Protein chains: 2
Amino acid sequence: MDTAGDALFRPVRTGNAFEETVERLLQAIRLGVVPPGERLPAERELAARLGVSRVTLREALHALQEAGFVESRRGRYGGTFISASLPVGGGPVPPPSVGSLEDALTLRTALEAGAAEAAAARVLSGYDRDHLRARLAECESAELTDYRRKDSRLHLAIAEVTGSASLTSAVADVRMRLNELLDGIPLLPRNIEHSNQQHAVIVAAVLDGDPAAARSAMTEHLDGTAALLRGFLS
Amino acid sequence: MDTAGDALFRPVRTGNAFEETVERLLQAIRLGVVPPGERLPAERELAARLGVSRVTLREALHALQEAGFVESRRGRYGGTFISASLPVGGGPVPPPSVGSLEDALTLRTALEAGAAEAAAARVLSGYDRDHLRARLAECESAELTDYRRKDSRLHLAIAEVTGSASLTSAVADVRMRLNELLDGIPLLPRNIEHSNQQHAVIVAAVLDGDPAAARSAMTEHLDGTAALLRGFLS
DNA sequence: GTTTAATGGGTCAGTATCAGTCCATTGAAG
DNA sequence: CTTCAATGGACTGATACTGACCCATTAAAC
C-alpha cells in the first residue's frame, strides 16, 4: 500500500474552487494559449466550461485583473481581454525540494516524449501541420521576454496534434509546474538558439511521420533543460 | 486557442467532493492497492490525506459500505476494511465514444511506456526490486476473477518504482478509465497467459536496467490490449 | 475487572459555492 | 436616433462542505 497509497490518497481537491480557477486561467495566459490582446470566452460560457459558478469565475477574474493579467470591458463586443503587457513572474517560488523536481521531470519526459511519438505516428490534417509550423515559427522569432510562452505553446501544440485532450491537459499541467521553476533561472541566448534547432528537428520528425526520430529528438531536447534545472537548483 | 482551449478550459472539478472521494476509494480498491481484508487508514487520517472533511469522507464510506465494498468495525483496533468478496462490476458503463477511447489509449501508452523506461533507468532499491517481483508473482498466480486487479497492481508498481508520485497517480487514473471499458469485454485464459509472458519480459528488463528493452516490451504489451479494446468496442 | 487509547458515530454553526435573476453598458445595425 | 443583442456587474436564497466538538464502542494492557 505504501507508495501507491501516497499516490492514490493524495488530496482530491488541491484548493478551493476560486484558487483552482485562478490557476487555470493563469495556465492559459502563461502558456500562451490565449495571447496578449485576445479575448477570453464570455463569463457565462467560460464558467460553464470550467464547471464553476459564474460568481466564482468572476472572483477569479477580479483577482487576475488586480494583478494586471486581464482587463474587462462592458457592453456588447466587450469582454475580458489579456493584458498587452503581462506582469512579470508571480513572486518568489517556494524552494522546490529535489524530490519534487525529479518527480515533475520524470512525468514530463514520459508525457512529452510520448506525445512527440504519438503525434508522429498519426496522419495529420493540414490544419494540424500548419498549426505546428506556425508555432515553430513563432518560437524562432520570439523576443527574449516572450520566449518561455512561445516555447510552451509549441510543446503544447505537439500534444494537441496527438488528438488526445487528456494528454494535452497533462502536458499543460506539468509544464506549468516546471515553468515556475524555470522562472528562477536565467534565459541565455545561447540556450535559446540550441532549443530552436532542436525544435526544428522535432517538428520535422513529426511532420515526416517518423515516431522514433520524434521521440529521440524530444528526449534529447528535454534532457537539456532538465540538466539546466538540476544545475541551477542545487 | 481552439484545441488547446478545450484542454485548458476543461472543468476544474469533475464532481462534488463526495463523488470524487468515492471515486478515489474505488480506485484504491479496484486497482488492488489495498487488497480485500485489509484496513483503510483511520477516518481522521484518511480525511486529512484526501483533503476532505471527515463528514464528506464518511458519506463516501457509507456509500461504499451499502454497495458492499467495505465494512466498518468500531472500537480500538477497529476500522474500515475492504470486503473479502468484492461486488462485481459497477453496473453498465455508458457507451464510450471512439474518441474518448483513443484519448485514453494514447495517454496510457505515453505514461506506461514512459514509466517502464524511467523505472529501468533508475538504480532500484532492494525493496523496489522485491516489490516488482512480488507483484509479478501475484499476477502469475491470480485467479481469473482477480486478474484485472493484480494486473493493475503490477502496472502501478512499475510506475511506483519510478519514484515519481505524479506519474504514479496519472497511471492510476488512466488505468481506472480503461478498466471500466475492459470490464465490458471477456477475459480469455489465452490472453492472460500471453500477458503474463509479456509481464515477465517487462519486469526483467526493468530489473536488468535496460530502458530501451523495458519500453519496447511495455509498448508491445499495451498494443495488445489496445487492439483487443478497439476490436470489442466498435 | 478496570483502565485506556484508538477507533467509528453523530451533531452543529460557519463558510464557500451554486443556480437563477435582474440591472447597466456598449456599439453595431436598422 | 432608436433598437437590440451580447456582454460584464450585482444580488439572493438554497445547498455543499468544513472544522470542531462530544459520544459510543472495542480490545489490548494492566
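Only a predicted model underlies this, so the values are computations on that prediction, with no experimental measurement involved. Letters go in sequence order (proteins before strands), and every chain restarts at 1.
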Problem - Whole-Å distance separating the OH atom of B:Tyr77 from the C1' atom of D:dA28 - result: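 Distance check: B:Tyr77 OH to D:dA28 C1' gives 5 Å.
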Problem - Distance in angstrom units between B:Arg76 CZ and D:dT26 P, rounded - result: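 That distance rounds to 15 Å.
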Practice task
Only counting residues at least two apart or in another chain, list the ones meeting ring pair (Phe, Tyr, Trp, His ring centres under 6.0 Å) with A:His131.
Solution key: none
Which residues satisfy the salt bridge (charged side-chain N to carboxylate O under 4.0 Å, His left out) test with [X], sequence neighbours excluded?
X: A:Arg133; result: A:Asp130
X: A:Arg230; result: A:Glu102
X: B:Arg122; result: none

Fill in the blank from the handout: Per-nucleotide protein contact along nucleotides 8-18 of chain C, 5' to 3', at a 4.0 Å heavy-atom cut-off (B base, S sugar-phosphate only, - neither), is BBBB-----SB
Can you give each donor-acceptor pair under 3.5 Å made by side-chain atoms of residues 76-83 of chain A, sequence neighbours left out, with the distance rounded to 0.1 Å?
| unit_1 | atom_1 | unit_2 | atom_2 | d |
| --- | --- | --- | --- | --- |
| A:Thr80 | OG1 | A:Ser72 | OG | 3.1 |
| A:Ser83 | OG | A:Gly68 | O | 2.9 |
| A:Ser83 | OG | A:Phe69 | O | 3.0 |
| A:Ser83 | OG | A:Val70 | N | 3.3 |

